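Since the structure comes first, as structure tokens, the remarks are kept for the end.
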Amino acid sequence: MPVRVRFAPSPTGSLHLGNALTAVANRRFADREVGIVVLRIDDTDPSRTVEGGEQAILGDLAWLGVAFDEGPVRQSERGSIYADAAERALASGAAENDSEGAVRLTREGTTLVRADGTATYHLASVADDLELGITHVIRGNDHRPNLELHQRIARALGRELPEVIHHGLVLGEDGKKLSKRHGHSSIAELRDEGLPAEAVRAYLDELDLPQHDVQLDLARLRRLAIDAIAGMSDEELAAAAGASVEAVPVLRGARSLVEAREYALLVLQPESAKLPDEARPTLDRFIELRAPMPERLSLDESRALVRELKAVGGDLRVLRLALTGAAKGPELAAVVAALSRDEALERTA
RNA sequence: GGCCCAUUCGUCUAGUGGCCUAGGACACCGCCCUCUCACGGCGGCGGCACGGGUUCGAAUCCCGUAUGGGCCUCCA
């Protein structure tokens, strides 16, 4: 029997890292067996759906490279399935109507259908997992206490629950449940911080299916970002940082895409800095060396130039300041390579 | 409070009774490299939560305690 799993977020906006872990875990689980991933939007509670929330999730999944094979299936559009399920539960005596008109599990009282006729998460989730032919449910530990309840609901419908696998949650660096307060908690935030998609994906892949809750390791994430940037081709890096390919040499030393953009700006729009009086000799030497050379220099040629300037006693810090307006930044030779001859001469004139 | 789950360096982990005076990665510290911030190279610090069993032998099995987490909604 082919494996069918599902990822079932509520449409509340950009995925939080823990949800993203569940999405990746489902995709990986299915891929091990050449299985199917169904994307299901759990929007049974209208008060919880956020405008554009589904789009944000779709965007996050695409960014992370998590594909799905079926869906999105929206629970808000599947009322008749839940109505049938409720009917069956009532018929079997496992559930009954209460005085308000809601359908509740006999004895324990868990609500299956609200008085307004909409299904609660418990009923909708179980009925859908059965109806969609899900073979394995992979979800976070926060759902573990629901396991027995869901098994009872499945039996009330005359079926058995699929196999359920729980994984640990992602906690903040303080060990508390991850929330907006922590920052760095949603995919959108991580993307805005300049972490490459490959890095976030690699982090989630590394976590795999944690047995217990794990603390968010930002240092690890940042390290993976450095690795991801190092692994990009010039074209990929330029595209990811929104810079031109000529600027790539200066982007190479950056540890995040945000930092890469800042480096690119140093070349495109240098800040004006006051040069010390003793800067002139170094700049004149630079001009002497640079002027007779081609409009564009390769990184190796630039390195040779910088080496030469240093050999004749040039103050490289002064050159950096003149070229970028900043005391810190990418490798000096990369800056020289990224600037045209005219631009370089103008900034040192 | 009740129920459930988990517990190996700061973090993520390897480890399923002898190969473990517990291995790795990232972080951290030091040194080297160096035009800055980084990258890189080399080295270092650092852990089996605790207490009882079982066993010739326990990180590994059992029990208890502690700690952490999750849930106890007509939220998912």
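As the structure is a computational prediction, the values presented were derived from the model and not from experiment. In the text below, chain A, chain B and the rest are named by the order of the sequence lines, each starting its count at 1.
No engagement by A:Asp208 is indicated, since no non-hydrogen atom pair under 4.0 Å with the nucleic acid exists. Nucleic acid contact class of A:Thr44 (heavy atoms, under 4.0 Å, all strands): sugar-phosphate only. Residue contacts shown for A:Glu206 are absent, as no nucleic acid heavy atom lies under 4.0 Å away. Residue contacts shown for A:Arg223 are limited to sugar-phosphate atoms, with no base heavy atom under 4.0 Å away. Among the protein residues, A:Pro210 comes within range of the sugar-phosphate backbone only, with heavy atoms under 4.0 Å from sugar or phosphate atoms but none that close to a base. Nucleic acid contact for A:His143: base, since at least one base atom lies under 4.0 Å from a heavy atom of the residue. When heavy atoms are screened at a 4.0 angstrom cut-off, A:Arg222 is found touching no nucleic acid atom at all. Contact annotation for A:Gly329: base contact, defined as any heavy-atom pair under 4.0 Å involving a base atom. Looking at heavy-atom distances under 4.0 Å, A:Asp315 makes no contact with the nucleic acid at all.
Between the side chain of A:Arg320 and the base of B:U36, a donor-acceptor pair under 3.5 Å is found. No donor-acceptor contact under 3.5 Å links the side chain of A:Asp217 to the base of B:A27. Side-chain N/O atoms of A:Tyr203 and base N/O atoms of B:C12 include no donor-acceptor pair closer than 3.5 Å.
The nucleotide whose nearest atom lies closest to any side-chain atom of A:Leu332 is, among B:C74, B:U8, B:C35, B:C35. Checking B:G69, B:U34, B:C37 against every side-chain atom of A:Lys310, the shortest atom distance belongs to B:U34. Among B:A76, B:C71, B:C26, the nucleotide with an atom closest to any side-chain atom of A:Ala219 is B:C26. Between B:G70, B:C35, B:U13, one nucleotide has an atom nearer to the side chain of A:Pro145 than all others, and that is B:G70. Checking B:C75, B:C71, B:C35 against every side-chain atom of A:Arg48, the shortest atom distance belongs to B:C75. Comparing atom distances between the A:Asp142 side chain and each of B:C35, B:C71, B:C74 picks out B:C71 as nearest. The side chain of A:Arg144 lies closest to B:C5, out of B:C74, B:C5, B:U13. When distances run from any side-chain atom of A:Ile226 to the nucleotides B:C12, B:C74, B:C39, the shortest one goes to B:C39.
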Worksheet entry | Pair A:Asp43-A:Ser76, side chain to side chain donor-acceptor pair (under 3.5 Å): steps then yes or no | CA-CA 6 Å; A:Asp43 55 355; A:Ser76 58; 2.8 Å; yes
Fill in: Audit row: A:Asp128, A:Arg78, salt bridge (Lys or Arg N to Asp or Glu O under 4.0 Å) steps and yes/no
CA-CA 9 Å; A:Asp128 270 335; A:Arg78 294 163 67 81; 2.8 Å; yes
Fill in: Criterion side chain to side chain donor-acceptor pair (under 3.5 Å) on A:Ser340 and A:Asp342, from CA distance to verdict
CA-CA 6 Å; A:Ser340 70; A:Asp342 291 350; 5.6 Å; no
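Across all strands shown, B:G40 pairs with B:C32; the Watson-Crick or G-U wobble distances both stay below 3.5 Å. B:G1 is paired with B:C72 under the criterion used here, namely a Watson-Crick or G-U wobble arrangement in which both key atom distances are under 3.5 Å. In this entry B:A6 has B:U67 as its Watson-Crick or G-U wobble partner, both defining distances falling under 3.5 Å. Under the Watson-Crick and G-U wobble criteria, each requiring two contacts below 3.5 Å, nucleotide B:U21 is left unpaired.
In this structure, A:Asp60 contributes its side chain and A:Leu15 its backbone to a donor-acceptor pair below 3.5 Å. The backbone N or O of A:Ala89 lies less than 3.5 Å from a partner atom in the side chain of A:Ser92, making a donor-acceptor pair. Of the possible polar contacts, one joining the A:Asn26 side chain to the A:Ile138 backbone as a donor-acceptor pair under 3.5 Å is found.
Nucleotides B:C12 and B:G69, compared at atom P, are 13 Å apart to the nearest Å. For the C1' atom pair drawn from B:C5 and B:C32, the interatomic distance equals 48 Å after rounding to whole Å. Atom name C1', nucleotides B:U16 and B:C71: the rounded distance is 30 Å, in whole Å. B:G68 sits 33 Å from B:G30 when the P atoms are compared, rounded to a whole Å. Nucleotides B:C45 and B:G10 place their C1' atoms 11 Å apart, quoted to the nearest Å. Rounded to a whole angstrom, the distance from the C1' atom of B:G15 to that of B:A27 is 22 Å. The P atoms of B:C26 and B:C4 are separated by 40 Å, rounded to the nearest whole Å. Straight-line distance between the P atoms of B:A59 and B:G18: roughly 11 Å, to the nearest whole Å.
Straight-line distance from the CD atom of A:Gln75 to the P atom of B:C75: 13 Å, rounded to whole Å. Distance A:Leu224 CG to B:U13 C1': 14 Å, rounded to the nearest Å. Between the CG atom of A:Asp213 and the P atom of B:U11 there is a distance of 14 Å, given to the nearest Å. Here the C1' atom of nucleotide B:C35 and the CD atom of A:Glu331 are 10 Å apart, to the nearest Å. For the pair A:Leu216 CG and B:G10 C1', the interatomic distance rounds to 14 Å; values are reported in whole Å. When rounded to the nearest whole Å, the span between CG of A:Leu266 and P of B:C37 equals 15 Å. Atom pair A:Arg220:CZ and B:G24:P shows a separation of 15 Å (rounding to whole Å applied). The distance between atom CD1 of A:Ile165 and atom P of B:C5, rounded to the nearest whole Å, is 17 Å.
With a glycosidic angle no further than 90° from 0, B:C39 counts as syn.
One finds no side-chain N or O of A:His122 lying less than 4.0 angstrom from the OP1 or OP2 phosphate oxygen of B:U73. Contact annotation: A:Thr111 side-chain N/O to B:C74 OP1/OP2 distance is under 4.0 Å. Within the 4.0 Å cut-off from OP1 or OP2 of B:U73, not a single side-chain nitrogen or oxygen of A:Arg104 is found.
A side-chain donor from one of A:Thr118 and A:Arg114 sits under 3.5 Å from a side-chain acceptor of the other. Using modelled atom types, one finds no donor on one side chain facing an acceptor on the other under 3.5 Å when comparing A:Asp217 with A:Tyr203.
Closest non-hydrogen pair, A:Leu289 versus A:Pro292, comes out as O-CD, 3.3 Å.
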